[in-house]
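Every chain is numbered from 1, with letters handed out A, B, ... down the list of sequences.
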2 protein chains.
Amino acid sequence: MRPVDELCEALREQGLKVTPQRRLIFEALRDSPNHPSAEDVYHLVRDVMPDMSLATVYHTLDHLVTMGELVQLDLGEGKSRYDTYTNGHFHLVCQGCREVLDIAGDPDCADLMPTETSGYQIDRCEVVFYGHCPDCQA
Amino acid sequence: MRPVDELCEALREQGLKVTPQRRLIFEALRDSPNHPSAEDVYHLVRDVMPDMSLATVYHTLDHLVTMGELVQLDLGEGKSRYDTYTNGHFHLVCQGCREVLDIAGDPDCADLMPTETSGYQIDRCEVVFYGHCPDCQA
DNA sequence: ATGGGTGCAAAAGTTTTGCATTCCC
DNA sequence: GGGAATGCAAAACTTTTGCACCCAT
């Protein structure tokens, strides 16, 4: 994800508007530990702007995903998480505490790319390792 | 997923019971095209046993997943799909029609396995390619 | 001024849960 | 007989949508 000011500029270029809510969501994403859910972002921004609506958070996250500034992750939790690090990489998920780690990996998954793709045009790949962190191995 | 009779035996071994509903769900999974959702399974079994409850389907699928006879897939659709082919392999998803193809791939993801795992014990990995099938490339 | 954005509430969709009844072992 | 399973309905959750009002451009 690019710096907040560049995101605002990118919004304008698309005819979208820069509102205080969106700016705040951008900042929350930038400062958020890692891989927050929509609800996580919502709670962060509510501390600063208590009237912010969850629908606004969802709309803004959708825009960022469409713009390619944010990656939507589905890690089998029944809800989405969002990743500001958009360069291709892998994830490692603890099945105990649900912590998510970024892992270096070939962005294009060139090594994995199947030879027989049944005519499919492949856009991207997602690699997730599931396991248990040191604390959850007990 | 093993044959229906073996699944029934496996249930009994765990102190679980073999009911007509569960047998039917096993058969539906065995005969189902590929990667059905809970709702898909529900509709298949309703044709034979109209009083079957969706909760029963969910409970039974959960047991199979826990027993390692079924793999639960999260492909970012807001719902789970289930895969009877439990040997490690990859998936290719069409973002247009949501068709899901099985793709051969190293079950252990040995080539991908990160060297630095921060002390994590890794249980399994999931590789999903997203793209467009021939029909949806228009 | 105008078209997009916001907040609120309701709706939609999937999955879980509580509970009385039924049934496998 | 006893414990698990079932069916039903309600609840829990995440995400989407409709709409009246507001605001960035």
Side-chain angles (χ1 to χ4, degrees), chain A residues 4-5 7-26 28 35-67 70-82 98, chain B residues 4-5 7-26 28 35-67 70-82 98:
Chain A
V4 172
D5 285 339
L7 292 181
C8 292
E9 198 46 47
L11 280 180
R12 289 201 190 85
E13 281 169 11
Q14 301 203 359
L16 300 175
K17 293 174 180 172
V18 177
T19 63
Q21 287 88 341
R22 290 186 171 170
R23 242 197 155 67
L24 187 54
I25 291 169
F26 296 168
H35 315 99
S37 66
E39 191 77 22
D40 292 335
V41 174
Y42 179 57
H43 277 112
L44 286 171
V45 298
R46 290 273 286 201
D47 290 344
V48 177
M49 198 181 284
D51 286 341
M52 170 100 61
S53 162
L54 183 54
T56 297
V57 174
Y58 272 105
H59 282 135
T60 301
L61 294 177
D62 281 351
H63 275 124
L64 288 175
V65 170
T66 302
M67 291 162 60
L70 199 60
V71 173
Q72 187 167 358
L73 297 178
D74 283 287
L75 305 175
E77 301 175 289
K79 66 182 172 187
S80 292
R81 284 165 174 265
Y82 296 88
R98 311 288 337 174
Chain B
V4 173
D5 285 338
L7 293 181
C8 292
E9 197 48 45
L11 281 181
R12 288 200 191 87
E13 281 169 11
Q14 301 201 1
L16 301 175
K17 292 174 181 174
V18 178
T19 64
Q21 287 88 341
R22 289 186 171 170
R23 239 192 157 68
L24 187 55
I25 291 168
F26 296 168
H35 314 100
S37 66
E39 191 77 23
D40 293 335
V41 174
Y42 178 59
H43 277 112
L44 285 171
V45 299
R46 290 272 286 203
D47 290 344
V48 177
M49 198 181 284
D51 286 341
M52 170 100 60
S53 162
L54 182 55
T56 297
V57 173
Y58 273 106
H59 282 134
T60 301
L61 293 177
D62 280 351
H63 276 124
L64 287 175
V65 170
T66 303
M67 290 161 62
L70 199 60
V71 173
Q72 188 166 359
L73 297 179
D74 187 342
L75 304 174
E77 302 175 289
K79 65 182 172 187
S80 291
R81 285 167 173 264
Y82 295 88
R98 312 286 341 172

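- In the set C:dT15, D:dT14, D:dA5, C:dT15 carries the atom at the smallest distance from any side-chain atom of B:Lys79.
- Note on A:Glu77 versus A:Arg98: salt bridge recorded, some NZ/NE/NH1/NH2 to OD/OE distance being below 4.0 Å.
- Summarising the geometry, the separation between CD1 on A:Ile25 and P on C:dG5 is reported as 12 Å, rounded to the nearest angstrom.
- In this structure, B:Arg12 does not reach the C:dC24 phosphate: none of its side-chain N or O atoms is under 4.0 Å from OP1 or OP2.
- Between the A:Asp62 side chain and the A:His59 main chain, no donor and acceptor come within less than 3.5 Å of each other.
- The distance between atom CG of B:Leu11 and atom C1' of C:dC23, rounded to the nearest whole Å, is 15 Å.
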Working for side-chain contact (heavy atoms from CB on, under 4.5 Å), residues A:Arg22 and A:His63: CA-CA 10 Å; A:Arg22 290 186 171 170; A:His63 275 124; 3.6 Å; yes
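- Of the two residues near DNA chain D, B:Ser53 and B:Gly15, the one whose nearest nucleotide lies more 5' is B:Gly15.
- Distances shorter than 4.0 Å separate some side-chain N or O of B:Arg22 from OP1 or OP2 on D:dT6.
- One atom, CG of B:Asp74, and another, C1' of D:dC13, lie 15 Å apart when rounded to the nearest Å.
- Taking 4.5 Å as the limit, every side-chain heavy atom of B:Gln21 sits out of range of all side-chain heavy atoms of B:Thr60.
- One donor-acceptor pair, N or O on each side, does fall under 3.5 Å between the base of C:dG3 and the side chain of A:Lys17.
- In this structure, A:Leu54 reaches the bases: a heavy-atom distance under 4.0 Å links it to at least one base atom across the strands shown.
- In this structure, CG of B:Asp51 is placed 15 Å from C1' of D:dA9, rounded to the nearest angstrom.
- Nucleotides of DNA chain C nearest to B:Glu77 and A:Met52 differ in position, and the one nearer the 5' end is that of A:Met52.
- Across all strands shown, B:Ser80 has heavy atoms under 4.0 Å from sugar-phosphate atoms exclusively, and none from any base.
- When each of A:Val41, A:Leu7, A:Val4, A:Thr19 is tested with A:Ile25 by the rule side-chain contact (heavy atoms from CB on, under 4.5 Å), just one qualifies, namely A:Val41.
- With rounding to whole Å, B:Arg81 atom CZ is found 12 Å from C:dT14 atom P.
- At the heavy-atom level, A:Pro50 lies nowhere under 4.0 Å from the strands shown.
- Phosphate contact (OP1/OP2 of D:dT16, side-chain N/O of A:Tyr58, threshold under 4.0 Å): absent.
- For the pair A:Phe26 CZ and C:dG5 C1', the computed distance is 13 Å after rounding to whole Å.
- For the pair A:Arg23 CZ and D:dT25 C1', the computed distance is 15 Å after rounding to whole Å.
- For the pair B:Glu39 CD and C:dA12 P, the interatomic distance rounds to 15 Å; values are reported in whole Å.
- Checking C:dT17, D:dT25, C:dG4 against the side-chain heavy atoms of B:His59 singles out C:dT17 as nearest.
- Note on B:Thr19: a side-chain N or O is less than 4.0 Å away from OP1 or OP2 of D:dT6.
- An OP1 or OP2 oxygen of D:dG7 is reached within less than 4.0 angstrom by a side-chain nitrogen or oxygen of B:Thr56.
- Looking at B:Asp74 and A:Lys79, no side-chain N of the basic residue comes within less than 4.0 Å of a carboxylate O on the acidic one, giving no salt bridge.
- Contact annotation: B:Gln21 reaches the phosphate of D:dG7 (side-chain N/O to OP1 or OP2, under 4.0 Å).
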